[in-house]
Amino acid sequence: MTLQETAKIVYVIKVTYPAHFTKYTTKDYDNMIQAWTAVMEDYTYMQASAGLKIYLASDTKGFPPSPGQVIDCITKTMKQPELEMNALEAWTLVRKALGNSGYNSAEEFAKLPPAVQRAVGSAANLREMCMLPTNEVETVEQSQFIRAYNATVQQMKDEAKIPSKVRALIEQTTRQLVGNSEQLQLTKEGA
């Protein structure tokens, strides 16, 4: 979203909740527009406008929205098929994959949707599960998977809300930390 588009969104918020903005200066509005633009950079004006309309239509408390509340409204309208599957549907895919995971766990793991893969963890986990007694798979492993899958889906939804520039910075920092950690380990081993 551009600064001008964000200014339109902020204007709608201002006229909808005038009592909350009576002491705002021009500088306060400029700062608000800058902050909203930074947070909403991955969304189009149409998406932000729709998210704001959803927020306004459902607001019963009378407080202006934060950018995160508008993003929540946007993500509720966006279909993410891989995250729409419930835990039991995902478990059905895992059970099917287990049938062929004794020798082909890597191939079976690769066929699973990303959220299911993250909840299972690895192809090795699939192979280990397929070797367990059926009653243990259908009770213990299923309940552990369901918990892991629900947490994974929530985490993926939360990650999707992070602005792309911030996400890139996090990934870069993580790579640097891993590299530094590996270098430190090599230094310790060489000493």
Side-chain angles (χ1 to χ4, degrees), residues 38-44 46-48 50-51 54-55 58 66-190:
V39 174
M40 304 291 290
E41 68 185 359
D42 293 336
Y43 300 97
T44 66
M46 295 293 286
Q47 289 172 318
I54 292 167
Y55 179 87
S58 62
S66 67
Q69 290 170 310
V70 173
I71 290 171
D72 273 345
C73 292
I74 293 169
T75 58
K76 287 177 186 173
T77 64
M78 295 171 66
K79 293 293 180 196
Q80 298 172 307
E82 70 277 5
L83 301 180
E84 300 296 320
M85 184 182 332
N86 71 43
L88 289 175
E89 292 168 334
W91 176 249
T92 301
L93 296 178
V94 172
R95 285 295 289 141
K96 182 179 177 188
L98 289 176
N100 194 27
S101 288
Y103 295 104
N104 298 312
S105 59
E107 292 84 5
E108 292 298 324
F109 184 78
K111 292 177 190 175
L112 296 172
V116 177
Q117 287 180 347
R118 282 177 65 172
V120 169
S122 68
N125 289 349
L126 269 181
R127 186 174 45 255
E128 287 176 23
M129 275 194 275
C130 85
M131 294 180 192
L132 293 172
T134 303
N135 64 336
E136 189 173 332
V137 170
E138 292 300 331
T139 56
V140 177
E141 295 298 324
Q142 179 183 15
S143 66
Q144 289 175 350
F145 172 81
I146 289 172
R147 272 194 305 277
Y149 180 76
N150 287 334
T152 297
V153 167
Q154 186 57 52
Q155 182 181 20
M156 289 175 80
K157 287 179 179 180
D158 291 343
E159 289 170 359
K161 295 176 190 176
I162 298 172
S164 59
K165 288 181 183 174
V166 174
R167 205 172 320 127
L169 181 62
I170 291 169
E171 290 169 5
Q172 177 185 1
T173 304
T174 302
R175 281 193 302 274
Q176 287 174 346
L177 290 173
V178 168
N180 290 345
S181 175
E182 290 171 353
Q183 186 64 34
L184 181 62
Q185 186 64 31
L186 290 173
T187 304
K188 286 181 181 180
E189 290 173 2

Open item on the list: Any side-chain to backbone donor/acceptor pair from Glu136 onto Pro133? Under 3.5 Å, distance only.
Closed with: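 Checking the backbone N and O of Pro133 against the side chain of Glu136, no donor-acceptor pair under 3.5 Å is found.
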What's the spacing between [X] [atom1] and [Y] [atom2] if we round to 0.5 Å?
X: Lys76; Y: Ser58; atom1: NZ; atom2: OG; result: 6.5 Å
X: Thr75; Y: Gln47; atom1: OG1; atom2: CD; result: 10.5 Å
X: Glu138; Y: Ser143; atom1: CD; atom2: OG; result: 11.0 Å
X: Thr77; Y: Asp72; atom1: OG1; atom2: CG; result: 11.0 Å
X: Cys130; Y: Tyr103; atom1: SG; atom2: OH; result: 9.5 Å

For [X], all residues meeting side chain to side chain contact (heavy atoms under 4.5 Å, CB included), sequence neighbours excluded:
X: Asp158; value: Gln154, Lys161
X: Thr173; value: Leu169, Leu177
X: Ile146; value: Ala87, Leu88, Gln142, Asn150
X: Val137; value: Trp91, Arg95, Leu98, Leu132

Task: Selection residues 140-153 - residue pairs positive for salt bridge (Lys or Arg N to Asp or Glu O under 4.0 Å), sequence neighbours left out - done: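 Sorted pair list comes back empty.
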Task: Set of salt bridge (Lys or Arg N to Asp or Glu O under 4.0 Å) partners for Glu89, sequence neighbours left out - done: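 None.
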- [ ] Over all heavy atoms of both residues, which pair between Ala160 and Tyr43 is shortest? Give the atoms and the distance, please.
- [x]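 Here Ala160 and Tyr43 meet closest at O-OH, 4.0 Å.
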Open item on the list: Show the nearest heavy-atom pair for residues Val39 and Pro67, with the distance to one decimal.
Closed with: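 Here Val39 and Pro67 meet closest at CG1-CB, 3.7 Å.
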Test of understanding: with side-chain hydrogen bond (donor to acceptor under 3.5 Å, both in side chains), list the residues that count as partners of [X], not counting sequence neighbours.
X: Lys111; value: Glu108
X: Ser164; value: Asp42
X: Glu107; value: none

Open item on the list: Is the shortest side-chain heavy-atom distance between Val94 and Met129 below 4.5 Å?
Closed with: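 Touching, per the 4.5 Å side-chain cut-off.
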For a quick test of your reading: what N or O donor-acceptor pairs under 3.5 Å do the side chains of residues 113-127 make, sequence neighbours left out?
residue: Gln117; atom: NE2; partner: Phe109; partner atom: O; Å: 2.7
residue: Gln117; atom: NE2; partner: Ala110; partner atom: O; Å: 3.4
residue: Gln117; atom: NE2; partner: Leu112; partner atom: O; Å: 3.2
residue: Arg118; atom: NH1; partner: Glu159; partner atom: OE1; Å: 3.1
residue: Arg118; atom: NH2; partner: Gln155; partner atom: OE1; Å: 3.3
residue: Arg118; atom: NH2; partner: Glu159; partner atom: OE2; Å: 3.2
residue: Ser122; atom: OG; partner: Ala124; partner atom: N; Å: 3.4
residue: Ser122; atom: OG; partner: Asn125; partner atom: N; Å: 3.2
residue: Asn125; atom: ND2; partner: Val120; partner atom: O; Å: 2.7
residue: Arg127; atom: NH1; partner: Ser105; partner atom: OG; Å: 2.8

Task: side chain to side chain contact (heavy atoms under 4.5 Å, CB included) assessment of Leu93 paired with Met85 - done: CA-CA 11 Å; Leu93 296 178; Met85 184 182 332; 3.7 Å; yes
